[in-house]
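To start, the structure itself, in structure tokens.
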Amino acid sequence: MYQTKTKTKVKTKTIFCVLCWCCLNYLAIKLAEKELLSMASKLLLTFAICRLIVTVGLTMDPTELLRLGVYGQLSVDPFDVQTASLDFGMLSRAEPWAVLHPASADDITRVVKAAYESEAHGFTISARGHGHSINGQAQTSNGVVIQMSGSRGRRLGSSTPAALRPHVYEKERYVDVWGGELWIDVLRSTLEHGLAPKSWTDYLYLSVGGTLSNAGISGQAFHQGPQITNVHELDVVTGKGELLTCSEEQNSGLFHAVLGGLGQFGIITRARISLEPAPKRVRWIRVLYSDFSTFTRDQEYLISLHELPASQKFDYVEGFVIVDEGLINNWRSSFFSPRNPVKITSLGADGGVLYCLEITKNYDESTAETTDQEVESLLKKLNFIPSSVFTTDLLYVDFLDRVHKAELKLRSKGLWEVPHPWLNLFIPKSRIADFDKGVFKGILGNKTGGPILIYPMNKHKWDNRSSVVTPDEDVFYLVAFLRSALDNGEEMQSLEYLNHQNRQILKFCDEAGIKAKQYLPHYTTQEEWVDHFGDKWGQFYQRKMEFDPRHILATGQRIFKPSFQSSSNMAL
């Protein structure tokens, strides 16, 4: 009897869904032919809502979504839902009810406002850029994912809306960009005017809103600061469905909350990014060290030059750790000749570990003649292994986009869309030697499954009013374990092994009293989040109550539970 009722119910739903599709799609086509795109969009939205009710059991009043007047595309297409349910980490999965491809900030405002005002049946909102989060931070299983990147041109019958295109102001030296714009497209737009943003991430296929919600760091951060310190103004849709412009002078509380705020206070729809004259070329240099204290001393010396004229400092300072014989010749291998591979054992590596300093010097036609002299003068003050200097010159845009080339190679080998159990830590300068001994020469042994970045930054280049948390020292290091898990039978490359190793690293820091802070943080308990934010937790919580009181935004971060799911205002 139960099976018969179930089959009848499924059959009825199927017929209903088919009728919705046939009737509404036909009407939408006819209306579109008459250029009545607004009504066509609303009919397709009606169909989407019908699908939601039938396929996922949406319990909210459908008229709440019908009243939105969204002109983008609200999709329940299996491909869109599947895409939004995963991220780069491939460590978690959560299918949303629907995916919104917005045509404007107004679309986002309407959807968020509907979620905020939904009294009987609430739903959550997650903004997704390029989907490069690691632990499901942009996912939701109880609401709508707003697909910020790749959404342009999805509007029915329209070309790219002019309001979403980067707008460069040459005289003022800033650019206004859509929150879902990828940094590679920002770069291309600004280079047409001979300008470029000041601070970068190593990988440019990330969204502007995504990196600004975390910090946005790379080798320029020691003197330019992170990306969040190079923002003049933002347009933000708060958790109340209000579209507000904010800056240092206007709605400053929201401005500082959103920068590094992990998406907890609003969705960035527009950012005004500071620009500078773009160099033409880059001298890219790598040198090796076998002694960790010498390596860090040189890195710290280089970042101490941040206030000097450009001729007396490098423009980019990073580094990486080599604990695997193969990595030195395989990762970013353009520096090393396959005919003459570098051997860790031949360089007197301390504990089987080498350290690579990575530095660049920007130049153009007017400074090309002095570049050699400037580089030579700076290198003379460093204490690297003399025979280990590797140098190449390339266009500025090619240097900034260097990781994408590695991505294409990995994709061709089927090694990109695999789990990425990444761990990013900020380590205080005073404990970096202990970290080296306990982790690089201890926990990791002599093998690792991917690159390990390490480089210092100056704390005073960060604005403490933002939501980002860093160690309480003048200089701190980023240590980033950027490993990929492979199902190839090798235990040390398995997801289980790498996750266990990450837990060992965090446990070591805790037991050794190393006050590390996670960058791109991921925690599973409220106690851990409170500990992460430390003295900032009270302010963070108050900002949440002010700008997203129902806790409907970015629930994938697992900091706060939506108010309609729990009587508690706190998370986990």
Side-chain angles (χ1 to χ4, degrees), residues 197-202 211 214-230 260 274 276 279 282-289 291-321 355-363 371 374-384 388-389 391 399-400 424-436 440 451-464 466 468-480 514-517 519:
K198 298 176 180 178
S199 190
W200 293 98
T201 57
D202 286 328
T211 65
N214 289 281
I217 56 175
S218 185
Q220 303 90 358
F222 78 92
H223 70 106
Q224 298 287 14
Q227 290 181 319
I228 57 173
T229 65
N230 293 278
S274 181
E276 65 179 357
V282 169
R283 176 72 52 82
W284 189 7
I285 305 158
R286 284 186 177 156
V287 293
L288 297 176
Y289 294 77
D291 180 74
F292 185 72
S293 62
T294 304
F295 168 69
T296 54
R297 186 166 59 247
D298 280 359
Q299 280 196 321
E300 290 164 17
Y301 165 72
L302 291 176
I303 73 165
S304 74
L305 307 178
H306 60 89
E307 296 294 350
L308 295 181
S311 61
Q312 299 177 40
K313 65 185 176 186
F314 285 112
D315 297 288
Y316 163 101
V317 177
E318 283 199 13
F320 57 93
V321 182
Y355 312 94
C356 180
L357 173 64
E358 187 173 43
I359 43 187
T360 70
K361 189 74 172 171
N362 299 337
Y363 67 94
T371 298
E374 293 171 3
V375 168
E376 183 179 355
S377 176
L378 285 165
L379 289 178
K380 282 182 178 179
K381 299 174 183 178
L382 306 180
N383 295 287
F384 51 85
S388 69
V389 182
T391 302
F399 170 73
L400 292 181
N424 297 269
L425 299 174
F426 288 147
I427 306 295
K429 169 189 168 182
S430 64
R431 303 302 304 274
I432 194 65
D434 298 322
F435 191 89
D436 168 64
F440 301 148
I452 304 170
L453 300 184
I454 175 171
Y455 57 89
M457 288 171 281
N458 294 306
K459 186 178 178 70
H460 72 275
K461 295 292 184 178
W462 295 62
D463 192 330
N464 193 50
S466 76
V468 176
V469 180
T470 61
D472 191 21
E473 291 191 8
D474 292 340
V475 172
F476 60 90
Y477 280 78
L478 170 76
V479 181
I514 298 175
K515 295 182 179 179
K517 295 294 183 182
Y519 177 59

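Positions are given from 1, in the same order as the sequence printed here.
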To the nearest 0.5 Å, what is the distance between [atom1] on [X] and [atom2] on [Y]?
{"X": "F292", "Y": "R297", "atom1": "CZ", "atom2": "CZ", "answer": "11.5 Å"}
{"X": "I427", "Y": "D436", "atom1": "CD1", "atom2": "CG", "answer": "11.5 Å"}
{"X": "T294", "Y": "L382", "atom1": "OG1", "atom2": "CG", "answer": "11.0 Å"}
{"X": "L302", "Y": "I359", "atom1": "CG", "atom2": "CD1", "answer": "6.0 Å"}
{"X": "F440", "Y": "I452", "atom1": "CZ", "atom2": "CD1", "answer": "6.0 Å"}
{"X": "N458", "Y": "H223", "atom1": "CG", "atom2": "NE2", "answer": "10.5 Å"}

Quick one: list whatever passes ring pair (Phe, Tyr, Trp, His ring centres under 6.0 Å) with [X], sequence neighbours left out.
{"X": "F426", "value": "W462, F476, Y519"}
{"X": "Y455", "value": "none"}
{"X": "Y363", "value": "none"}

For a quick test of reading the model, state the closest non-hydrogen atom pair linking [X] to [Y] and the distance between them.
{"X": "Q312", "Y": "K361", "answer": "N-NZ, 4.2 Å"}
{"X": "L379", "Y": "F314", "answer": "CD2-CZ, 4.2 Å"}
{"X": "C356", "Y": "L288", "answer": "CB-CD2, 3.7 Å"}
{"X": "S466", "Y": "I228", "answer": "OG-CD1, 3.9 Å"}
{"X": "V468", "Y": "G260", "answer": "CG2-CA, 3.5 Å"}
{"X": "A221", "Y": "P226", "answer": "CB-N, 4.2 Å"}

Do K198 and T229 have side-chain heavy atoms sitting under 4.5 Å apart?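 Sidechains of T229 and K198: no contact.
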Quick one, Q299 and F222 - any side-chain contact, counting heavy atoms below 4.5 Å?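 Side chain of Q299 against side chain of F222, heavy atoms only: no contact under 4.5 Å found.
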Under the rule for side-chain hydrogen bond (donor to acceptor under 3.5 Å, both in side chains), what residues qualify as partners of [X], not counting sequence neighbours?
{"X": "S293", "value": "D291"}
{"X": "K429", "value": "none"}
{"X": "S430", "value": "E473"}
{"X": "S199", "value": "none"}

What pairs of residues pass the salt bridge (charged side-chain N to carboxylate O under 4.0 Å, His left out) test when at least one of them lies in residues 305-314, not counting sequence neighbours?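 For residues 305-314, and leaving out neighbouring residues, the salt bridge (charged side-chain N to carboxylate O under 4.0 Å, His left out) pairs sorted by first residue read E307-K461.
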Using the rule side-chain hydrogen bond (donor to acceptor under 3.5 Å, both in side chains), only one of D298, T296, N383 pairs with Y289; which is it?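 Only one of D298, T296, N383 forms a side-chain hydrogen bond (donor to acceptor under 3.5 Å, both in side chains) with Y289, namely D298.
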Between I432, V321, N424, which is the residue that forms a side chain to side chain contact (heavy atoms under 4.5 Å, CB included) with V479?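 The residue from I432, V321, N424 that satisfies side chain to side chain contact (heavy atoms under 4.5 Å, CB included) with V479 turns out to be I432.
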Check each of D202, T360, L357 against E318 using the side chain to side chain contact (heavy atoms under 4.5 Å, CB included) test, and report the only one that passes.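 The passing option is D202.
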Can you label the angle between the H460 ring and the H306 ring as parallel, tilted or perpendicular, going by 30° and 60°?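 Ring orientation, 0 to 90° scale: tilted.
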Between the side chain of N230 and the main-chain N/O of P197, is any donor-acceptor distance below 3.5 Å?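 Not a single qualifying donor-acceptor pair exists.
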Between the side chain of D315 and the main-chain N/O of N362, is any donor-acceptor distance below 3.5 Å?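 Indeed, once roles are kept as given, a pair shorter than 3.5 Å links the two residues.
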According to salt bridge (Lys or Arg N to Asp or Glu O under 4.0 Å), who are the partners of [X], at least two apart in sequence or on a separate chain?
{"X": "K515", "result": "none"}
{"X": "D463", "result": "R465"}
{"X": "D474", "result": "none"}
{"X": "K381", "result": "none"}

Full working for side chain to side chain contact (heavy atoms under 4.5 Å, CB included) between M457 and I303: CA-CA 7 Å; M457 288 171 281; I303 73 165; 5.8 Å; no
When you check the side-chain N and O atoms of Y316 and Q224, is any donor under 3.5 Å from an acceptor?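 The answer is no; no qualifying pair exists.
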